[in-house]
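Quick notes on the structure that follows.
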Amino acid sequence: MTLLKFVDDQWGPVGSFNWFATHGTSMSRTNSLISGDNKGAAARFMEDWFEQNSAKSDELGTDEIPRRVSSIISSIHNNHHELLELASSFQSSPGKRATRVSSAARRVRSALRQADKPGFVSAFCQTNCGDVSPNVLGAFCIDTGVPCDFNHSTCGGKNELCYGRGPGYPDEFESTRIIGERQFNKAVDLFNTASEQLKGKVDYRHSYVDFSQLEVTIPKEGGGSEVVKTCPAAMGFAFAAGTTDGPGAFDFKQGDDKGNPFWRLVRNLLKTPDKKQVECHSPKPILLDTGEMKQPYDWAPSILPVQIFRIGQLVILSVPGEFTTMSGRRLRDAVKTMLTSSGSGEFGSNTHVVIAGLTNTYSQYITTFEEYQIQRYEGASTLYGPHTLSAYIQEFQKLASALIKGQAVEPGPQPPDLLKKQISFLTPVVMDSTPAGVNFGDVSSDVPANSTFKRGSTVTVVFWSACPRNDLMTEGTFALVEILQGKDSWVPTYDDDDFCLRFKWSRPSKLSPRSQATIEWTIPPSASLGVYRIRHFGAAKRLMGSIQHFTGTSSAFVVA
């Protein structure tokens, strides 16, 4: 992991960016909730960690206080009965209309309520994660529990049964938390010990390159060099096999450099690759000739952006795809060697080169030449043939050379603008409704009367709701947990950003205009003891198309 710490002259630390390679696939495709996966979890953990430590040092100077504090009464254990009486006075209220900004104003980390001090921002950036899985226990067959076939990631010849296991198996949420926490812990360690200051120029170079038929000069066996070409994009058979983080379907398997006659017949109905294309991609058997499929628009990009940033002795390579561990290492080494051996004196042994993966556009995977020969998923998804990595190294060396010499680079061919050609099969929301006599935001299933919950237990409330697509609550929240301060003041404590709170929306049937929102709060060990309630924010679409914002509130309960 490489971490960049941002320190303001006035405010001190204001953020950090770090780069570490692992896929955001702790949550599998069976998860139907929107999630930032392990990197989103890590970022949330670190921002909250900094907020907590800042509060301790700025206000209290102690390590004893939890992240969020209730000031209802001094001794929770001696006043449980009083708390229950207090909670019972706050029953669920009928759903009511709300304004567009109501949700944003109540958000725990709302910009509308922040002080003048800038909020701490922590970014857990992606890098060369192409062949790196967070499911670190290995891949197992879901029918037998035995390890999958090593070479092909199959179970009895079928890829569909081979799944990777995360460290919290079988709980994907726990796996996400653990992998996020591991990245968070390392980032905190690097953040606290960061001492090398970045000094020097801030500069960049950017260019568009047509990777479909790019001439590339590579070393030749026995000495000298030769010129080879990349190919128009194509996907191999093993692409359809997927990976152990998300297997494919049918009879595809990884490590397939032959293909099969049936799927070739199906392929040919779409586009038959010509002999030149087949030879160019060899040993990849072409399943989808995406680079030569143009209807209704290009199936794969050919013109890609490449970009190099310099911040003092830190150099960031922005790549539009997923480099494997070794291909990323070779790219970094090639650029660093060019920079440090240039004789310019600007780049020494302390030069740091990092890869910013999946940047500016997406063009699948990039493997080494050797990995490409094996034709596992990553090699089959390397779009432009066996020399794709060499092409990237060549083009980034050009950018690095221009950066060293202070020269401009050609902007290159402009990629096509496809925004107006996009096709969506997502049907619009027609309208939302509730049963007769029920308001949007009314509680359908409340917490039990006079209830007390322990830390680690889960509180569940169900509200009458509306389709979340009516308003994505950007800068706001669908779910909110509030704690009672004093006798009648409710303070936001947890919302959509928090790992412990889940918002689940569903319809009783696909064609029904009615829907419900289930909010689940798993009370974290750090939660303050006190009186709480759960709120829901949403937006309903009326028959004539107007949008009505609403909110609902559960009955209060005690956490003791």
Side-chain angles (χ1 to χ4, degrees), residues 130 152 159 208-216 227-243 246-305 319-324 327 358 361-369 371-392 395 412-418 421-423 425:
H152 300 291
N159 65 69
Y208 287 106
V209 178
D210 188 342
F211 274 77
S212 65
Q213 296 186 63
L214 184 65
E215 291 189 347
V216 185
V227 177
V228 294
K229 275 190 172 185
T230 57
C231 326
M235 309 291 284
F237 274 69
F239 150 76
T243 71
F250 306 109
D251 54 348
F252 296 102
K253 62 183 180 181
Q254 296 197 65
D256 182 3
D257 59 0
K258 299 290 189 297
N260 71 60
F262 173 77
W263 290 110
R264 279 198 176 88
L265 180 63
V266 174
R267 172 202 68 189
N268 292 344
L269 295 175
L270 295 171
K271 172 72 172 67
T272 304
D274 59 25
K275 182 181 178 182
K276 180 181 177 182
Q277 178 77 327
V278 169
E279 291 176 348
C280 186
H281 279 275
S282 178
K284 178 203 293 177
I286 297 174
L287 175 64
L288 293 172
D289 191 13
T290 52
E292 299 181 318
M293 298 166 73
K294 305 295 184 181
Q295 297 300 325
Y297 43 76
D298 291 358
W299 282 44
S302 57
I303 299 172
L304 302 177
V319 302
E322 302 184 57
F323 278 61
T324 61
S327 61
L358 299 88
T361 192
Y362 184 67
S363 60
Q364 301 291 336
Y365 288 71
I366 299 91
T367 63
T368 66
F369 180 85
E371 289 166 340
Y372 186 89
Q373 307 305 306
I374 306 301
Q375 281 299 296
R376 286 184 63 82
Y377 173 82
E378 296 81 13
S381 302
T382 297
L383 290 182
Y384 308 104
H387 303 295
T388 299
L389 173 60
S390 296
Y392 273 103
E395 296 309 306
Q414 287 296 303
D417 184 352
L418 303 177
K421 296 184 178 180
Q422 295 303 299
I423 298 172
F425 296 100

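Glu395 pairs by the side chain to side chain donor-acceptor pair (under 3.5 Å) definition with Lys398, not counting sequence neighbours. Every side chain to side chain donor-acceptor pair (under 3.5 Å) that Thr272 has, sequence neighbours left out, goes to Asn268. For Asp251, the side chain to side chain contact (heavy atoms under 4.5 Å, CB included) partners at least two apart in sequence or on another chain are Asn260, Trp263. Applying the ring pair (Phe, Tyr, Trp, His ring centres under 6.0 Å) test to Tyr362 and every residue at least two apart in sequence or in another chain returns nothing. With sequence neighbours left out, the side chain to side chain donor-acceptor pair (under 3.5 Å) criterion links Asp210 to Ser212. Residues forming a side chain to side chain contact (heavy atoms under 4.5 Å, CB included) with Lys258 (at least two apart in sequence, or on another chain): Asp256. Among residues two or more places apart in sequence or in another chain, the side chain to side chain donor-acceptor pair (under 3.5 Å) test is passed with Lys253 by none. Checked against side chain to side chain contact (heavy atoms under 4.5 Å, CB included), Gln422 has the following partners two or more places apart in sequence or in another chain: Tyr297, Leu418. Not counting sequence neighbours, the partners of Asp289 by the salt bridge (Lys or Arg N to Asp or Glu O under 4.0 Å) test are Lys271. For Thr361, the side chain to side chain contact (heavy atoms under 4.5 Å, CB included) criterion is met by Leu304, Pro305, Pro320, not counting sequence neighbours. Among residues two or more places apart in sequence or in another chain, the salt bridge (Lys or Arg N to Asp or Glu O under 4.0 Å) test is passed with Lys294 by Asp298.
In this structure, Leu358 CG and Gln364 CD are separated by 10.0 Å, a value rounded to the nearest 0.5 Å. Once rounded to the nearest 0.5 Å, the distance linking NZ of Lys284 with CG of Asp257 reads 12.5 Å. Between Met235 atom CE and Ile286 atom CD1 the span is 11.5 Å, to the nearest 0.5 Å. One finds the CD atom of Gln254 at 6.5 Å from the OG1 atom of Thr243 (value rounded to the nearest 0.5 Å).
Checked against the 6.0 Å centroid threshold, Phe211 and Tyr392 count as a close aromatic pair.
Taking 4.5 Å as the limit, every side-chain heavy atom of Ile366 sits out of range of all side-chain heavy atoms of Val319.
Looking at every heavy atom in both residues, Cys231 comes nearest to Gln277 through CB-OE1, 4.0 Å. Residues Phe237 and Arg264 come closest through the heavy atom pair CZ-CG, 3.8 Å. Nearest heavy-atom pair across Asn159 and Pro247 is O-CB, 3.2 Å. Residues Pro296 and Ile423 approach most closely at CG-CD1, 3.5 Å, considering heavy atoms. Nearest heavy atoms, Leu288 versus Leu270: CD2-CD1, 3.9 Å. When all heavy atoms are compared, the tightest approach of Gln375 to Pro285 is OE1-CD, 4.2 Å.
His281 places a side-chain N or O within 3.5 Å of a backbone atom of Pro232 that can act as its donor or acceptor partner.
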Anything under 3.5 Å between a donor and an acceptor, one on a side chain of residues 380-390, the other on a protein residue two or more places apart or in another chain? List them.
from, atom 1, to, atom 2, distance (Å)
Ser381, OG, Tyr377, O, 2.9
Thr382, OG1, Tyr365, O, 3.4
Thr382, OG1, Thr367, N, 3.3
Thr382, OG1, Thr367, OG1, 3.4
Thr382, OG1, Glu378, O, 2.9
Tyr384, OH, Pro301, O, 2.6
Thr388, OG1, Tyr384, N, 3.4
Thr388, OG1, Gly385, N, 3.3
Thr388, OG1, Gly385, O, 2.7

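Of the N and O atoms on the side chains of Glu371 and Ser327, not one donor lies less than 3.5 Å from an acceptor on the other residue.
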